Amino acid sequence: METKNIMIVGVGGQGSLLASKLLGRLLVNEGYDVKVSEVHGMSQRGGSVVTYVRYGEKVYSPIVDKGEADFIISFEKLEAARYAPYLKPGGKIIVNSQEIDPMPVITGAMEYPHEALEKLSAKGVDVDCIDALTPALEAGSAKATNIVLMGRLSKYMDIEATKWEEAIRQSVAPKFVEMNLKAFGLGRK
Amino acid sequence: MKKLMLGNEATARGFYEAGCKVVSSYPGTPSTEITEYAAKYDEIYCEWAPNEKVALEVAFGASLAGARAAACMKHVGLNVAADPLFTLSYTGINGGLVVCVADDPGMHSSQNEQDSRHYAIAAKLPMLEPSDSREAKEFAKAAFEISEKFDTPTLFRTCTRIAHSQCSVELAEPEVKELKTYEKSPKKYIMAPANAIGRHPVVEERTRALIDFAETTALNRAEYAKDSSLGIITSGTSYQYVKEIYGDSVSVLKLGLVNPLPEKLITDFAAAHERVVVIEELDPVIENHCKALGLKVDGKNIFPICGEFSQSLIARVMGKEEKAFTASDDVIPVRPPVMCAGCPHRGLFYVLAKKKITVLGDIGCYTLGMAPPLSAIDSVLCMGASVSGTHGFNKARGAESEKKTVAVIGDSTFMHSGMTGLANIAYNGTNSTVIIVDNSITGMTGHQQNPTTGYNIKGDPATKIDLEALCRALGIKRVRVVDPYDLKSTEAVIMEEIAAEEPSVIISRRPCALLKYVKHSPALVVDTDKCRSCKACMRIGCPAISMKDGKAYIDATQCVGCNVCKQLCAFDAIGGNE
């Protein structure tokens, strides 16, 4: 099979590391060769963060490049628009409808492009914009937004829900398993 | 058993399996997690040293004592450790000694993009370079073997994409390594001139032996394809990008031992191909070696020296078709890292910016004080340069500058290399003001302990260096402590100390807002009836504050109730957590 590529993008501190840990675990369980790549360092400091997950028979490069991503999972709208060029033609963007102003917007130096995703849709890009925060709160915490998005992603990937749930149990601390399973279920609905 | 592992985690696993006993390091992205993972093995003693020079000398001592030992650092840390490194090349080792250095092509979190391979050449040391986590573990073990076989420290080079990428690693049982016998050997370990003169030829002989080793070691691997029109010589992460594009369709000479480089292996590979291209990030090290061998190769004539590579960059340069994509037509604002909501550094930098004070900055989270809207920093060079640089600035400009210039340095950075600069201020006499931003942790690299925090790498209680007493002992009589959440008193103390006719230290003290033990106050709320939309609260660049429907708005999920913005509001519009 051809190597598949997933990107997880967002703002530092939003929980992309857990999402990539879950995906990595799931895909290893499925028997794929997997590479997960992330840049640490400034990531707690509210900057734009990106994680690459690649899987297939044999994966070489740890990174995903422009025009290569099968899926882009974004925790925030602006970040989805920023990384849209990484999407492969025919790929899908799954994005949480939250907007977080970056510093140039806060200082008034630049405008937040509120309509950027609608315009990308109009150009033929497959954008699935959902409110992942409300189901996360329903599951028990805003921090479960990442797992709601993973639930949404699971609908488009050919891996059984039980396998995802097993990977969730293996990836989060025991006391958070129930909450995350609930968040996953709500995202998958 | 197989496990998905970060390159850094795999390197630590390699230490463990090699029977390494001592690891001493200073944190630095992207190298930090090697030592954090190593500390999880009870069999390895691990520590955060005050700086990389100390770390390498600790590792030297452990090696001298007969243990396998390692020191880990980022590329600029190797500059700090360069002094022991060059002479360790002469002494050689007793127990195996590995020096890990993580480069940062693309400068994800560094102040320069230096290529550490030059250190291997200059210090005449073998250097290994893995291309993924699996190799990181195997090469870490090989690095100890080479160290002991050739009586040399071994450099182990990674980069961000190796250090912070995960792939499956096969785990093995650890070797049991007894301490080697320690015997006094002055001619080998006392590098006074008479002995060092005797050791230099030993180093040259060792390099010749290592070149022979490079010709045959499995660390270097020629993968021949049927097509002989193109041969690629590469190493590290570039190898993965090359394989991503070409698979097995072209011949690749993959070099795992990147210093010293083989001669016959490369010459034979080149002779078997019509065109040879060297693909390496940063400087043309392999390429220059090829050219010195009289080979005609392409390299930096077609590839960039600056920045990281990727599969698409290599495809483009090699004339392959680029992949199609769709970009947004909107202008996408950048999202630079910012000081967190509630960051204790914010209040300090607000005061410094307001008073238009010249600030020589340093390396850490507080470097972010450079960013708008605060724009409070004038220079950032390297660890410790704020303190020594301020002294030089004031010597050049005199009393006029002493009254409006300060150094700003973090607690960990001060212990790393700020102390000597402060001793110089006291000894050589400027009325300089040094502000130590003490957030009780090494913040930027992800919360590592340091000598001022009172805890060691395992989180166990340790001797806590008293910063006030230390500064006084270094000859500074005026030592003040302020709370940077209190803007008024912070400003008053800064103005008093820069006016003082003697050197002074201000310790701006409050723990990092992200520390788990720090209790946060409830989020602040804007009273929209009182808000006059003057945007005074936005001058501090807090990510929790924005304008919504013409009025200031505070995001309750981010705000930690630090009250700094509240002190700026002239209309009493911010409150709600009293």
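Quantities reported herein were computed from a predicted structural model and do not represent experimental measurements.
- With rounding to the nearest 0.5 angstrom, the CG atom of B:D329 is 14.0 Å from the CD atom of A:E115.
- Applying the 6.0 Å contact sphere to CG of B:N112 captures more than 12 heavy atoms from other residues, nucleotides or ligands.
- Contacts between residues 70-98 of chain A and chain B, defined by a heavy-atom separation under 4.5 Å, are made by A:E76, A:L78, A:E79, A:A81, A:R82, A:A84, A:P85, A:L87, A:P89.
- Judged by distance alone, with hydrogens and angles left aside, the side-chain atoms of A:D65 form a donor-acceptor pair with the main-chain N or O of B:S312 at under 3.5 Å.
- For A:E111, the CD atom counts as loosely surrounded, since its 6.0 Å shell holds 12 or fewer non-hydrogen atoms of other residues, nucleotides or ligands.
- In plain terms, the two heavy atoms of A:V105 and B:P333 that are nearest each other are CG2-CG, 3.9 Å.
- With chain A as the partner, the residue from B:S168, B:G247, B:S328 showing the most heavy-atom pairs under 4.5 Å is B:S328.
- Chain A forms more heavy-atom pairs under 4.5 Å with one residue of B:A324, B:P373, B:C343, B:S131 than with any other, namely B:A324.
- Listed here is the closest heavy atom pair of B:R161 and A:S37: NH1-OG, 3.8 Å.
- Judged by distance alone, the side chain of B:R335 and the main-chain N or O of A:I100 form a donor-acceptor pair under 3.5 Å.
- At a threshold of 4.5 Å between non-hydrogen side-chain atoms, the residues B:S133 and A:K35 do not count as touching.
- Side-chain atoms of A:P62 and B:Y241, non-hydrogen and from C-beta on, do get closer than 4.5 Å to each other.
- Between chain B and the residues A:K21, A:K58, A:R25, A:R54, the largest count of heavy-atom pairs under 4.5 Å involves A:R54.
- For chain A, the nearby part of B:C542 is the backbone; its heavy atoms alone come within less than 4.5 Å.
- Counting only distance, with no hydrogens or angles, the side chain of A:E38 and the backbone of B:Q166 share no donor-acceptor pair below 3.5 Å.
- Counting all heavy atoms, side chain and backbone alike, B:V331 lies closest to A:M110 at CG1-CE, 3.4 Å.
- Counting non-hydrogen atoms of other residues, nucleotides and ligands closer than 6.0 Å to CD of B:E223 gives a total above 12.
- Residue A:K66 holds its NZ atom at 11.5 Å from CG of B:L313, rounded to the nearest 0.5 Å.
- Looking at B:V242, neither its backbone nor its side chain comes within 4.5 Å of chain A, counting heavy atoms on both sides.
- There is no contact between B:P30 and chain A, counting heavy-atom distances below 4.5 Å.
- Within the 4.5 angstrom heavy-atom criterion, no atom of B:I245 approaches chain A.
- Here the straight-line distance linking atom NZ of B:K535 with atom OG1 of A:T107 works out to 9.0 Å at 0.5 Å rounding.
- Note: B:D132 CG to A:S61 OG = 11.5 Å, rounded to the nearest 0.5 Å.
- Counting heavy-atom pairs closer than 4.5 Å to chain A, the top-ranked of the candidates B:K323, B:K2, B:Q311 is B:Q311.
- In this structure, CE on B:M547 lies 11.5 Å from CG on A:D101, to the nearest 0.5 angstrom.
- Other residues, nucleotides and ligands contribute over 12 non-hydrogen atoms within 6.0 Å of the CD atom of A:E118.
- Nearest heavy atom pair, residue B:K243 against residue A:Y60, reads CB-CD2, 3.3 Å.
- By the 6.0 Å contact criterion, CD on B:E170 is enclosed, its count of non-hydrogen atoms from other residues, nucleotides or ligands being greater than 12.
- Using a 4.5 Å heavy-atom threshold, the side chains of B:P336 and A:S48 count as separate.
- Not counting sequence neighbours, B:F349 has no partner by the ring pair (Phe, Tyr, Trp, His ring centres under 6.0 Å) test.
- Using a 4.5 Å cut-off between heavy atoms, B:M538 touches chain A through its side chain atoms alone.
- Heavy-atom minimum distance, B:S310 versus A:I63: CB-CD1, 3.5 Å.
- Residue-level contacts of residues 119-158 of chain A with chain B, in order of numbering, are A:K119, A:L120, A:K123, A:V125; threshold 4.5 Å between heavy atoms.
- Using non-hydrogen atoms only and a strict 4.5 Å limit, no part of residues 167-189 of chain A faces chain B.
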